[in-house]
Participant: 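I have a structure here, written as structure tokens, and I will follow up with some questions on it.
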Amino acid sequence: NVICIMNETFSDLRVLGQLSTNQDYMPFTRSLTKNTIKGNLYMPVTGAGTSNSEFEFLTGNTMAFLAAGSNAYELYIKSQLPSLAYTLAAQNYSRTALHVYYRTSWQRDVNYPLLGFERYDSIESFIDNDAIDEYRNGNKSFSDFEDAVNEQYPGENVLLRRFVSDRFDYKLLEQMYEERDPSKPFFIFNVTMQNHGSYDSAYENFDQKIKLTSTEEYYPAANRYLSLIYESDQAFKELVEYFSNVDEPTIICMFGDHQPNIETEFVESLLGSDISDLSTEDNQKRFVTPFVIWANYNIEEGYVDKMSANYLSTLLLQVADLKTTKYNDYLSALYRYVP
């Protein structure tokens, strides 16, 4: 089974510079070593632009040669496009996409079938649609929407702040695995939503556990963001523990789509310079997110210092010992020269 998770705004801000907190904000991810490959993924966007990261991972194509500031999902996918889903379809995999936000965001409802997915579940698949429509149209407040969700899922803590939590997202993923067609290996591409910006407001349903201790300045958005990353890390721990107890060989690839849009002053303090004055090398640090490939069976451990997002799905296929396309083989060769 192949499980791919693009975790919304999941990043380790230590790539920007030295920082310390009252406790580690991703202890489980850092602790993973056995049957694990980890590394630094260089994304095409920072602060926003989720779907361009998704496009690079799924297709192996880079945004580098598309118009600056453009969005691939909105402008360039007009017909079937070779992708990881099609590569796995040729190897008899079922192909599910799960995104715990609105079905039409970034035109995923149009693009996922063109990218080879046969099933697409969104927030509309599991939350009462009348409650969603009333909230989206401004007829009901978030508090009313939260009440409706809690009534539908009592005691489940579906929402963290105003987005679906990673914990609930992964429960859905596990349920889909349990209900899978057992005659086919299982492939899912899951886009989470928990850590989406902004980080300006406190919420009663969010107990912030992480605080910066490396600066006397108070950066509420950074503290809130790091607290969300801690929650993501703990949810990922529970997911890995679940699949540790699954007999079928299963590989999980989890990565962040981009860094957060938090206080510019804090980011500049880590980088040691104004963003406008950064060298190319230092500016690239703002595009780095972590990736993890973990398996519930024996794989060779490793660390990848630098890899662009469009190479990651090729690496995943190689680690899983699955068949690759000639384009995957080309990307693998290109990586040696332009990582």
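Because the structure is a prediction, the values reported are computed rather than measured.
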Participant: Answer yes or no: is there a donor N or O on one side and an acceptor on the other, between the side chain of Arg224 and the main chain of Asp200, under 3.5 Å?
Facilitator: yes
Participant: Do you see a donor-acceptor pair shorter than 3.5 Å between the side chains of Asn283 and Thr280?
Facilitator: no
Participant: Look only at the side chain of Gln208 and the backbone of Ser227, and say whether a donor-acceptor pair between them is shorter than 3.5 Å.
Facilitator: no
Participant: If you define the side chain from C-beta out and look only at heavy atoms, does anything of Phe28 sit under 4.5 Å from Val240?
Facilitator: yes
Participant: Give a yes or no on whether a salt bridge exists between Arg136 and Asp133, defined as a side-chain N under 4.0 angstrom from a carboxylate O.
Facilitator: no
Participant: Quick check for you: to the nearest 0.5 Å, what is the distance between Tyr170 atom OH and Ile3 atom CD1?
Facilitator: 10.5 Å
Participant: When you compare the side chains of Asn310 and Thr62, does any donor N or O come within less than 3.5 Å of an acceptor on the partner?
Facilitator: no
Participant: Flag the pair Glu301 and Lys34 as a salt bridge only when some basic side-chain nitrogen lies within less than 4.0 angstrom of an acidic carboxylate oxygen.
Facilitator: no
Participant: Taking atom CE of Met6 and atom SG of Cys253, what is their separation to the nearest 0.5 Å?
Facilitator: 11.5 Å
Participant: Any side-chain donor-acceptor pair under 3.5 Å between Thr325 and Asn328?
Facilitator: yes
Participant: Can you see whether Tyr327 engages Asn61 through a side-chain donor-acceptor pair at a distance of less than 3.5 angstrom?
Facilitator: yes
Participant: Run the salt-bridge test on Asp12 and Arg30 with the 4.0 Å N-O cut-off and return the result as yes or no.
Facilitator: yes
Participant: Just verifying a value: how many Å separate Lys237 NZ and Thr29 OG1, rounded to the nearest 0.5 Å?
Facilitator: 11.0 Å
Participant: State whether a side-chain donor-acceptor pair under 3.5 Å links Ser94 with Glu118.
Facilitator: no
Participant: Determine whether the side chains of Tyr73 and Glu54 contain a donor N or O and an acceptor N or O closer than 3.5 Å.
Facilitator: yes
Participant: Give a yes or no answer on whether the side chain of Asn190 reaches the backbone of Leu98 with a donor-acceptor pair at less than 3.5 Å.
Facilitator: yes
Participant: Using 30° and 60° as the class limits, which term best fits the ring planes of Tyr135 and Phe145: parallel, tilted or perpendicular?
Facilitator: parallel
Participant: Do Tyr76 and Asn111 pair up side chain to side chain, a donor and an acceptor below 3.5 Å, judged on atom types alone?
Facilitator: no
Participant: Give a yes or no on whether the backbone of Ser122 and the side-chain of Arg108 come within a donor-acceptor separation of less than 3.5 Å.
Facilitator: no
Participant: Does Asp321 CG have over 12 foreign heavy atoms under 6.0 Å away?
Facilitator: no
Participant: So, Thr289 and Asp257: side-chain donor and acceptor under 3.5 Å apart, yes or no?
Facilitator: no
Participant: Using a 3.5 Å distance criterion without hydrogens, assess whether the side chain of Gln152 forms a donor-acceptor pair with backbone atoms of Asp128.
Facilitator: yes
Participant: Could you verify whether a donor N or O on one side chain and an acceptor N or O on the other, from Asp329 and Thr324, lie under 3.5 Å apart?
Facilitator: yes
Participant: Indicate whether any N or O donor in one side chain lies under 3.5 Å from an N or O acceptor in the other, for Gln175 and Glu179.
Facilitator: yes
Participant: Among Tyr42, Phe57, Phe10, which one satisfies ring pair (Phe, Tyr, Trp, His ring centres under 6.0 Å) with Phe255?
Facilitator: Phe57
Participant: So, for Leu160 and Ser165, which heavy atoms are closest and what is the spacing to 0.1 Å?
Facilitator: CB-CB, 3.9 Å
Participant: Any donor-acceptor pair under 3.5 Å linking the side-chain atoms of Asn296 with those of Ser244?
Facilitator: no
Participant: Give a yes or no on whether the backbone of Leu115 and the side-chain of Ser83 come within a donor-acceptor separation of less than 3.5 Å.
Facilitator: yes
Participant: Take the angle between the ring planes of Phe168 and Phe126 and call it parallel below 30°, perpendicular above 60°, tilted in between.
Facilitator: tilted
Participant: How long is the span from the OG atom in Ser232 to the CG atom in Leu239, to the nearest 0.5 Å?
Facilitator: 11.5 Å
Participant: Ignoring hydrogens and geometry, is there a side-chain-to-backbone donor-acceptor pair from Glu8 to Asn195 under 3.5 Å?
Facilitator: no
Participant: Determine, for Arg167 against Asp169, whether the closest basic-nitrogen to carboxylate-oxygen distance falls under 4.0 angstrom.
Facilitator: no
Participant: Is the shortest side-chain heavy-atom distance between Ile210 and Tyr225 below 4.5 Å?
Facilitator: no
Participant: Please report the interatomic distance CD1(Ile132) to CD1(Ile123), rounded to the nearest 0.5 Å.
Facilitator: 4.5 Å
Participant: For the backbone of Pro185 and the side chain of Asn1, can you confirm whether one donor and one acceptor N or O come within less than 3.5 Å of each other?
Facilitator: no
Participant: Any chance the side chains of Glu146 and Asn205 put a donor and an acceptor closer than 3.5 Å?
Facilitator: yes
Participant: Between CG of Leu32 and CD1 of Ile37, what distance do you get to the nearest 0.5 Å?
Facilitator: 12.5 Å
Participant: When you measure from the side chain of Glu263 to the backbone N and O of Ala222, does any donor-acceptor pair fall under 3.5 Å?
Facilitator: yes
Participant: Once the angle between the rings of Phe117 and Phe187 is folded into 0 to 90°, is it parallel (under 30°), tilted (30 to 60°) or perpendicular (over 60°)?
Facilitator: parallel
Participant: When the ring planes of His196 and Tyr101 are compared, do they come out parallel, tilted or perpendicular, using 30° and 60° as the limits?
Facilitator: parallel
Participant: Does a donor on one side chain sit under 3.5 Å from an acceptor on the other, for Ser276 and Asp274?
Facilitator: no
Participant: Regarding Thr96 and Asp121, do their side chains bring together a donor and an acceptor under 3.5 Å, going by distance alone?
Facilitator: no
Participant: Assess Arg180 against Tyr177: is NZ or CZ under 6.0 Å from the centre of the six-membered ring, and within 45 degrees of the ring's axis?
Facilitator: yes
Participant: More than 12 foreign heavy atoms under 6.0 Å from CD of Glu241: is that the case here?
Facilitator: yes
Participant: Going by an N to O cut-off under 4.0 Å, is there a salt bridge joining Asp207 and Lys209?
Facilitator: yes
